[in-house]
Novice: 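Here it is, the structure in full.
Below, chains carry the letters A, B, ... as their sequence lines are ordered, and counting in each starts from 1.
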2 protein chains.
Amino acid sequence: MSRTPHHPTRAEIELPVLLDCLSDPIRLAIVYNLAKHEPEGGELRCGDFNAFSGKSNLAYHFARLREAGLVQTRLVGTARYMSLRREDLDARFPGLLDAVIASAARDADRLQMRECEAAPSD
Amino acid sequence: MSRTPHHPTRAEIELPVLLDCLSDPIRLAIVYNLAKHEPEGGELRCGDFNAFSGKSNLAYHFARLREAGLVQTRLVGTARYMSLRREDLDARFPGLLDAVIASAARDADRLQMRECEAAPSD
DNA sequence: ACGATTGTTCAATGGAAATTGAACAAAAGG
DNA sequence: CCTTTTGTTCAATTTCCATTGAACAATCGT
């Protein structure tokens, strides 16, 4: 485990990678839930998504989200807090993230979009 | 060759399929060029993209774009004219297509986005 | 120091996607 | 008709992606 996971710079974020990342139902659901919690700070723990899939599979999706530049990870004890890279994404591709999230919200039922409970913060 | 290729209805268009479709560089370039030609009617022939890849590979990508609901195909003689399904896409996922196209335009250089010449219309 | 918790890394597997070339289909034009 | 043009379909290959379980790493609590 590297002490600090790698995050691409804002300029390194690439559109096809980002779209591919968002095209996976599990990753889209993660982004959707992160967006939903933005009013309350926007941070969720990795463990908050344990109902979505197995842990190792989730770790794989978290890494893809991070390396695509969609989320940032903050280490707190043994836990990891994730949040959307709002500023970077809005600066890089204005309106794109909002349009995707709004589209996902619109189809939440059809997409069988899961929701997760935020664990009590530290 | 079926006389009329299948197009999904507006309601059948699905977000993950659409995003996956747009995440491929060749398909994104096709959509980008179709968008660029919207002021002039928005139709381009399949053959206008022949510089992008081999014909059979393009036929594969055209089918994916069509089946994702991104484009519609009109048969004229031996040629096929494609155009974006603007109304359906804007109705289904407002702002999404525009945000993607604007993002692609912004990164056109980095994406080595090819441009195609519209052949003289009939 | 020890065990529990949290999450990652690794290796292996199954399956879907992209690419290629050859063969085919439909219409246009001489 | 016969040839050319346009584009698809098919089969085969290669590559990449998602998923799984076992092993590992880092921290916390006691």
Novice: With sugar-phosphate meaning primed atoms plus P, OP1 and OP2, does L58(A) contact a base, only sugar-phosphate, or nothing at under 4.0 Å between heavy atoms?
Specialist: nothing
Novice: Whole angstroms only, please: what is the CG-C1' distance between N50(B) and dT6(D)?
Specialist: 9 Å
Novice: The side chain of I26(A) is closest to which nucleotide in this list: dT19(D), dG7(C), dC17(D)?
Specialist: dT19(D)
Novice: Within this structure, what is the CG-to-C1' distance between L44(B) and dT6(D), rounded to whole angstrom?
Specialist: 16 Å
Novice: Separation of I30(A) atom CD1 from dG7(C) atom C1', in whole Å?
Specialist: 13 Å
Novice: Send over the distance from L75(B) CG to dA27(C) P, rounded to a whole Å.
Specialist: 9 Å
Novice: Could you tell me how far apart E67(A) (CD) and dC16(D) (P) are, to the nearest whole angstrom?
Specialist: 16 Å
Novice: For the backbone of T73(A) and the side chain of H7(A), can you confirm whether one donor and one acceptor N or O come within less than 3.5 Å of each other?
Specialist: yes
Novice: Look at R64(B) together with D24(B) and state whether they make a salt bridge at an N to O cut-off of under 4.0 Å.
Specialist: no
Novice: How would you label the contact of R66(A) with the nucleic acid (heavy atoms, under 4.0 Å): base, sugar-phosphate, or nothing?
Specialist: nothing
Novice: Check whether any side-chain heavy atom of V71(B) lies under 4.5 Å from a side-chain heavy atom of M82(B), and answer yes or no.
Specialist: yes
Novice: Kindly compute the distance separating CG (L28(A)) from CG (L65(A)), expressed to the nearest 0.5 Å.
Specialist: 10.0 Å
Novice: Would N50(A) and K55(A) count as a side chain to side chain contact (heavy atoms under 4.5 Å, CB included) here? Give the steps.
Specialist: CA-CA 6 Å; N50(A) 281 343; K55(A) 282 180 145 198; 4.0 Å; yes
Novice: It should be established whether R80(A) places a side-chain nitrogen or oxygen under 4.0 Å from OP1 or OP2 of nucleotide dT8(C).
Specialist: yes
Novice: Would you please confirm or rule out a distance under 4.0 Å between OP1 or OP2 of dA17(C) and any side-chain N or O of H61(B)?
Specialist: no
Novice: Let's see if you can work this out: which of dA17(C), dT6(C), dC17(D) has an atom nearest to the side-chain heavy atoms of R64(B)?
Specialist: dA17(C)
Novice: Calculate the interatomic distance between L19(A) atom CG and dA17(C) atom P; express it in whole Å.
Specialist: 17 Å
Novice: Of T78(A) and N57(A), whose nearest nucleotide on DNA chain D comes first from the 5' end?
Specialist: N57(A)
Novice: Just how far, in rounded Å, is P of dC10(D) from NZ of K55(B)?
Specialist: 18 Å
Novice: Side chain of S56(A) only, please: which of dG21(D), dT20(C), dT19(C) is the nearest?
Specialist: dG21(D)
Novice: Nearest to the S53(B) side chain among dT20(C), dT8(D), dG7(C), which nucleotide is it?
Specialist: dT20(C)
Novice: What is the separation between atom CZ on R74(B) and atom P on dT6(D), rounded to the nearest whole Å?
Specialist: 17 Å
Novice: The side chain of A79(A) is closest to which nucleotide in this list: dT8(D), dT6(C), dT8(C)?
Specialist: dT6(C)
